[in-house]
Amino acid sequence: MKIQKSRLALAGIILITILSCNQTEDVTAVDENVTLSLAFEQFDKNNTDIYLDGSNVVIETNGLPNHTTPYWGAGNALYVAPQAGFQATPSLITGFDGSATLTVPVNPKKASSATSTSLGSIGIAITGAAIFNDSEGNGPLNSAAVSLDYTGAHIGPGVYHYHTEPYAFTNDDDKLVGIMADGFFIYGRKCNSTGNYPTDLDASNGHTTITKYATDPTYHYHIDNDLYLNKYYIIFPGKYQGTPNAIR
Ligand SMILES: [Zn+2]
Ligand SMILES: [Zn+2]
């Protein structure tokens, strides 16, 4: 009799557990569409402010990198001496207001056609600084490449921005790099889904797989794995596959 009672109690506990589990799942399913991606946890909290606004997510940044570079200028706590061969542009980070805001859908969709990027910010990196494309002024990046610091960034003119693989926080790996203006995340040259270089990328170095921060397959980009000038990996040389939003 005693045993039966305990069994009954145990069955009750199991039933309650099952009910609570179901309840939790339901709540999660309802909230899923308006929950911030865990990827946003990777963004620097001092430099960015990220919040939901209805079905959109707003990313506000002060535009400052959270790491060392010669572009902070001698005397700054984050100043680092330049690498050999480096030719600085005459500008310093402290001379510009890099603050910007990007608003994108929480669940961005691919557009019916791709859109070319333009000069200026095309994405926001997890450090808070801007991501630019493969052009400088109206030409290719090659003549300005000597002014890129050790982490593929410079100022010229305007805000501090990355053109090539930003070694300060990703180097031949699958780390999150930032978010592009169309709301899709961009990762390092390797993909978390396989632990290796993806082989199924589209013309924008994008594909749909699971990521570190989503168990459902999600469209995302990777840094271009083709060497540029035998030395650099351009972050985003292609077109947006989604609908770009202004970063300003
Ligand atoms: Zn540039
Ligand atoms: Zn991937």
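The basis for the numbers below is simple: all heavy atoms, side chains too, and nothing from hydrogens, waters or symmetry mates. Counting starts at 1 for both ligands and their atoms, following the listed order.
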* To do: For the Zn ion (ligand 2), state how many protein N, O or S atoms fall inside a distance shorter than 2.8 Å.
  =>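 There are 4 of them.
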Whether [X] side chain and [Y] backbone form a donor-acceptor pair below 3.5 Å:
X: Thr164; Y: Ile234; answer: no
X: Tyr71; Y: Thr89; answer: yes
X: Thr61; Y: Gly128; answer: yes
X: Tyr221; Y: Gln241; answer: yes

* For Glu136, what is the atom name of its N, O or S atom nearest to the Zn ion (ligand 1)? ->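 In Glu136, the N, O or S atom with the shortest distance to the Zn ion (ligand 1) is OE1.
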* Near Lys212 NZ, under 6.0 Å, is it more than 12 heavy atoms from other residues, nucleotides or ligands? ->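 Buried by this count: over 12 neighbours within 6.0 Å.
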* Asked: So, are Asp173 and Lys190 salt-bridged, with charged N and O less than 4.0 Å apart?
  ->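 Lys190 and Asp173: not salt-bridged.
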